[in-house]
Amino acid sequence: MKTIHERSRYEIKNMDTKELRASFLLQNLMQNDQLNVVYSAVERFVIGGVQPISKVIELGNYDSLKSEYFLERRELGIINVGGTGSVIADGETFSLDKLSCLYLGRGTKSVSFASADSNQPALFFLLSTTAHAAFPTTLFSKEMAEPVDLGTAENANQRTIYKYIHQNGIQSCQLVMGLTVLKSGCIWNTMPAHTHDRRSEVYFYFDLQADAVVFHLRGEPTETRHLVVRNNESIISPPWSIHSGAGTSNYSFI
C-alpha cells in the first residue's frame, strides 16, 4: 500500500506541477484483476479501486494498518461505477449495479469483489476512514439515495446529487459519501466554489470520455493550484483547499 504524506498550505506555494500531482493526484486505481490502495495522511484515508475481470479479488490486510484485518478499526464505503458486480462480506453476497453503494462497518472481517460479466466488469471505488463505533452493513441503490437536482443550464452546472452515507441515509461513524452526475452541456462540479474548514474530501472522477479532462481547482481561494484529472483518477482535498472543477465536457464524480 502506497503512502502519501500530508502537505501543508504553505508547502504548495513552492511546488511545481510534478510535485503537486505526486502529493494529491491518484492515478491507475482501476486495473484489470487488481486491487490498488493508497494510504493518505490526510484524515488517514485509505483510497482504492478494484476492477475484477476473471477472478474474485480479496481485500487483504496491510502491515502499516497495525491491525489483524483491514476493517478491525475502520469502516468502508464502496461505490460501483462500472458493470454489475458483487461484494462478498463475511460470507454474505451483495449485488451492486452501476452507482450503487455498499457500506461495511467496523468489524467486517472478510471482503472480496467480483464482476457478473467479464466483458462489462464492475469498477469499485473504495474509501475507508478510521472508526471508533460499529454500524451495520447497508446497501443503497441510486434510487434510494435521495437524489437532489441543483444548478442551472445557464450557469453550466446543472447536476444531480445522490446522497449515500450521511446523517439521514446510511449510518456511519465518520465517513460521508455520495456522488454527482452532471447534465449534458454542464461542466462545473460545484457552484459557488467554497471551502470546508472541518472536512477533508476525496474526489473520484468517472464517466469521462478518453479525450476529456477536468481542471480541478485546489489551493487557497486567493492562490489556486489546478490539476488536470482524467477518467477514473482521484484527488485528495485537504480542509484548507477549495475543491471546484470544470471539465471539457460533462462527467460524474464521487
| Cluster link Y39 to L127, ILVMFWY, side chain under 4.5 Å | no

| task | Would you indicate whether the side-chain heavy atoms of L126 and V46 approach each other to under 4.5 Å? | result | no

| said: Taking atom CG as the centre, does D149 end up with more than 12 heavy-atom neighbours from other residues, nucleotides or ligands that are less than 6.0 angstrom away? | reply: yes

| said: Between R225 and E223, is the salt bridge (charged side-chain N to carboxylate O under 4.0 Å, His left out) condition met? List the steps. | reply: CA-CA 7 Å; R225 295 287 189 270; E223 196 168 354; 3.2 Å; yes

| Between V228 and E233, which heavy-atom pair has the shortest distance, and what is it? | O-OE1, 4.4 Å

| note | Between the OG atom in S241 and the CD1 atom in I236, the distance rounded to the nearest 0.5 Å is 11.5 Å

| said: I'd like to know if the side chain of E75 pairs up with that of T129 as donor and acceptor (distance under 3.5 Å, no hydrogens or angles considered). | reply: yes

| message | Nearest 0.5 angstrom please: S252 OG to F204 CZ, how far? | response | 11.0 Å

| Less than 4.5 Å apart, any side-chain heavy atom of L102 and any of T138? | no

| What heavy-atom pair brings N80 and G85 nearest, and what distance separates the two atoms? | ND2-N, 3.8 Å

| request: For side-chain contact (heavy atoms from CB on, under 4.5 Å), just list the numbers for K163 and V148, CA-CA rounded to whole Å, side-chain angles, deciding distance to a tenth of an Å, and then say yes or no. | output: CA-CA 8 Å; K163 301 178 183 180; V148 177; 4.0 Å; yes

| query | Under 3.5 Å, side chain of D90 to main-chain N/O of S110, donor-acceptor pair present? | reply | yes

| message | Students often mix this up, so state it plainly: with edges at 30° and 60°, are the rings of Y164 and F140 parallel, tilted or perpendicular? | response | perpendicular

| said: For a 4.5 angstrom cut-off between non-hydrogen side-chain atoms, does M177 reach V202? | reply: no

| message | Measuring from atom NZ of K2 to atom CG of L26, what distance do you get when rounded to the nearest 0.5 angstrom? | response | 7.0 Å

| query | Should I78 and L59 be regarded as members of a common hydrophobic cluster, given that ILVMFWY residues are connected when their side-chain heavy atoms come within less than 4.5 Å of each other, either directly or indirectly? | reply | yes

| said: Under a 3.5 Å distance rule, please check whether E72 uses its side chain to pair with a backbone N or O of E68 as donor and acceptor. | reply: yes

| said: Does any part of the side chain of I53, heavy atoms only, come nearer than 4.5 Å to the side chain of S115, both counted from C-beta? | reply: no

| task | Could you state whether L139 and L104 fall into the same hydrophobic cluster, counting links through intermediate Ile, Leu, Val, Met, Phe, Trp or Tyr residues with side-chain heavy atoms under 4.5 angstrom apart? | result | yes

| request: Apply side-chain contact (heavy atoms from CB on, under 4.5 Å) to N157 and T152, showing your working. | output: CA-CA 6 Å; N157 70 334; T152 64; 4.1 Å; yes

| field | Distance-minimising heavy-atom pair for S67 and R73 | value | CB-NH2, 3.9 Å

| message | Working to the nearest 0.5 angstrom, can you tell me the gap between L123 CG and L96 CG? | response | 12.0 Å

| field | Given Y203, F253, Y251, the one that forms ring-ring contact (aromatic ring centres under 6.0 Å, His included) with H216 | value | Y203

| task | Tell me, please, which residues at least two apart from R106 pass salt bridge (charged side-chain N to carboxylate O under 4.0 Å, His left out). | result | none

| said: I want to check something: taking the side chain as every heavy atom from C-beta on, are R74 and L76 in contact at a cut-off of under 4.5 Å? | reply: no

| query | Between the side chains of S100 and D97, is a donor N or O closer than 3.5 angstrom to an acceptor N or O? | reply | no

| field | Q209, CD: over 12 other non-hydrogen atoms inside 6.0 angstrom | value | no

| query | So I161 and E146, side-chain contact (heavy atoms from CB on, under 4.5 Å) or not? Walk me through it. | reply | CA-CA 8 Å; I161 296 175; E146 295 185 10; over 6 Å; no

| query | Between R218 and F24, is NZ or CZ placed under 6.0 angstrom from the six-membered ring centre and within 45° of the ring axis? | reply | yes

| query | What's the shortest heavy-atom distance between G77 and L175, and which atoms? | reply | N-CD2, 3.4 Å

| said: Is the shortest side-chain heavy-atom distance between Y162 and V181 below 4.5 Å? | reply: yes

| Would you say Q158's side chain and A156's backbone share a donor-acceptor pair under 3.5 angstrom? | no

| D207 vs K98, salt bridge (charged side-chain N to carboxylate O under 4.0 Å, His left out): CA-CA, chis, key distance, verdict | CA-CA 11 Å; D207 282 351; K98 185 173 183 178; 3.0 Å; yes

| query | Is any NZ, NE, NH1 or NH2 atom of the basic residue among E220 and K13 found under 4.0 Å from an Asp or Glu carboxylate oxygen of the other? | reply | yes

| said: Would you say that more than 12 heavy atoms from the other residues, nucleotides or ligands in this model lie under 6.0 Å from the CD of Q31, or not? | reply: yes

| said: Tell me if a side-chain donor or acceptor on D117 pairs with a main-chain N or O of N119 at a distance below 3.5 Å. | reply: yes

| Tell me, do N250 and K183 make a side-chain contact under 4.5 Å, heavy atoms counted? | no

| task | Measure the shortest side-chain to side-chain distance between T84 and S95 over non-hydrogen atoms and say whether it is less than 4.5 angstrom. | result | yes

| field | Transitive ILVMFWY side-chain link V56 to V111, under 4.5 Å | value | no

| request: Report yes or no: do L99 and I170 belong to one cluster of Ile/Leu/Val/Met/Phe/Trp/Tyr joined by side chain heavy-atom distances under 4.5 Å? | output: yes

| Test item: S23 side-chain N/O and L20 main-chain N/O as donor-acceptor pair under 3.5 Å | no

| request: Supply the atom-to-atom distance D211 CG to T248 OG1, rounded to the nearest 0.5 angstrom. | output: 6.5 Å

| task | Report the distance from atom CD1 of I187 to atom CG of L182, rounding to the nearest 0.5 Å. | result | 9.0 Å

| task | Show the numbers, then the answer: is there a side-chain contact (heavy atoms from CB on, under 4.5 Å) between L217 and I242? | result | CA-CA 7 Å; L217 304 176; I242 66 168; 4.0 Å; yes

| query | Do any N or O atoms from the side chain of Q174 and from the backbone of T130 form a donor-acceptor pair under 3.5 angstrom? | reply | yes

| field | Pair D16 + R21, salt bridge at N-O below 4.0 Å | value | no

| query | With no hydrogens and no angle check, is any side-chain donor or acceptor of N231 less than 3.5 Å from a backbone partner on A210? | reply | no

| remark: Minimal heavy-atom distance between S200 and V42, with the atoms involved, is OG-CG1, 3.5 Å

| query | Tell me, which pairs form a ring pair (Phe, Tyr, Trp, His ring centres under 6.0 Å) where one or both residues lie in residues 90-121, sequence neighbours left out? | reply | F113-F124

| request: Kindly give the heavy-atom pair with the smallest separation between A122 and P52, and that separation in Å. | output: O-CD, 3.6 Å

